[in-house]
Amino acid sequence: MNLFRLLGDLSHLASIFILIHKIQTTRSCRGISFQTQALYVTVFVARYIDLFFRWISLYNFFMKIFFIASSVYILYLMKYRYRPTHDPSIDTFKVEYLVGPAVVLSLIFNYKFEFTEILWTFSIYLEAVAILPQLFMLQRTGEAETITTHYLAALGAYRALYIPNWIYRYFTEDVVDPIAIVAGLVQTGLYLDFFYVYFTKVLQGQKFELPA
Amino acid sequence: TERRKGHDEL
C-alpha cells in the first residue's frame with residue numbers, strides 16, 4: 001500500500017458517499033445515469049468474486065464488501081425508492097456497445113485463460129468505459145447539479161491517483177500490470193474534458209454548464 | 001520486472 005493508492009481508494013469511497021448524500025438530500029436521482037450505476041455493480045461483482053477464494057488483507061476485504069454493497073444500494077435507491085425522479089428518456093446510451101467489446105477483449109487479452117481471471121479482466125475493461133453513459137447524459141443535458149460534479153470529480157480522481165501508484169510500484173516492487181495500466185489510462189482520459197470544465201467553472205463557484 | 005500475479009488492488 002502506498003499513499004497514492006490509499007488516496008485513490010479514499011477518493012473512490014468519498015465519491016460513493018457524495019452520490020448517496022446527493023440522492024438522499026435532494027430526494028432525487030436526477031442527473032445520475034442508472035446505466036452507469038448498473039455497470040459498476042457488474043464491475044464489482046465480476047472483480048470481487050475473488051472474495052471467495054483469495055485473501056489479501058482486512059482492508060481489501062472490507063473495501064470490496066463496501067463497494068459491492070453500496071453499488072447495489074444505489075441501484076435500489078434509483079430503481080425503487082426514487083424511481084419517479086429518474087428519467088430513462090435521457091439515459092439512452094447503448095450499454096451493449098460497452099459490455100460486448102469488454103467481453104471480447106477480455107477473452108483475447110488476459111493473463112490466463114481461466115474463468116475468474118477472465119472475469120477480472122472483463123471488469124477492468126468494463127470499468128474503464130462504465131462512466132460513458134453518465135458523461136453522455138451530461139453532454140445531452142449540458143448541465144449538472146454541483147453535487148453531481150463533485151461526485152464525478154472524486155470518481156475521476158480515484159483512477160487518476162492509481163497512475164502514480166503504478167509508477168511507484170514499478171520502482172519499489174518491480175511489478176507492472178499492463179492490463180490495469182492501459183485500461184486505467186483510458187479511464188482517466190475519459191474524464192479530461194469533464195475535469196477541464198470542473199476546474200475552470202465549478203471550482204470557481206460557477207454552475208457546471210457546457211457551451212451550447 | 002515481472003507481471004503482477006495476484007490482483008491486490010481494488
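The sequence lines fix the lettering, A, B, ..., with proteins before strands; numbering per chain opens at 1.
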Engineer: Using heavy-atom distances under 4.5 Å, tell me whether A:Phe44 contacts chain B through its side chain, its backbone, both, or neither.
Structural biologist: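 For A:Phe44, there is no contact with chain B at all, as no heavy atom is under 4.5 Å.
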Engineer: Measure distances from A:Phe171 to the heavy atoms of chain B and classify the residue's part below 4.5 Å as side chain, backbone, both or neither.
Structural biologist: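 Contact with chain B is absent: no heavy atom of A:Phe171 under 4.5 Å.
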Engineer: For A:Arg169 and B:Asp8, run side chain to side chain contact (heavy atoms under 4.5 Å, CB included): C-alpha distance rounded to whole Å, both residues' side-chain angles, the deciding distance at 0.1 Å, then the answer.
Structural biologist: CA-CA 12 Å; A:Arg169 294 192 82 175; B:Asp8 61 349; 2.7 Å; yes
Engineer: To the nearest 0.5 Å, tell me how far A:His12 NE2 sits from B:Leu10 CG.
Structural biologist: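 Separation between the atoms: 8.5 Å.
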Engineer: Counting only heavy atoms not in A:Phe109 (residues, nucleotides, ligands), do more than 12 fall under 6.0 Å from its CZ?
Structural biologist: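 Counting other residues, nucleotides and ligands, CZ of A:Phe109 stays at 12 neighbours or fewer.
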Engineer: Just by distance, with hydrogens left out, do B:Glu9 and A:Asn60 show a side-chain donor and acceptor under 3.5 Å apart?
Structural biologist: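 Checked: B:Glu9/A:Asn60 side chains show no N/O donor-acceptor pair below 3.5 Å.
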Engineer: Would you say that more than 12 heavy atoms from the other residues, nucleotides or ligands in this model lie under 6.0 Å from the CD of A:Gln24, or not?
Structural biologist: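 Yes, because the 6.0 Å sphere around CD of A:Gln24 holds more than 12 heavy atoms from other groups.
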Engineer: Which residues, numbered in order, of residues 189-203 of chain A come under 4.5 angstrom of chain B by heavy-atom distance?
Structural biologist: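 Interface residues of residues 189-203 of chain A: none, nothing closer than 4.5 Å to chain B.
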Engineer: Return the NE2 to CZ distance between B:His7 and A:Arg47, rounded to the nearest 0.5 Å.
Structural biologist: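 So the gap between those two atoms works out to 9.5 Å.
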Engineer: Are there more than 12 heavy atoms of other residues, nucleotides or ligands under 6.0 Å from atom CZ of A:Phe53?
Structural biologist: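 More than 12 within 6.0 Å, yes.
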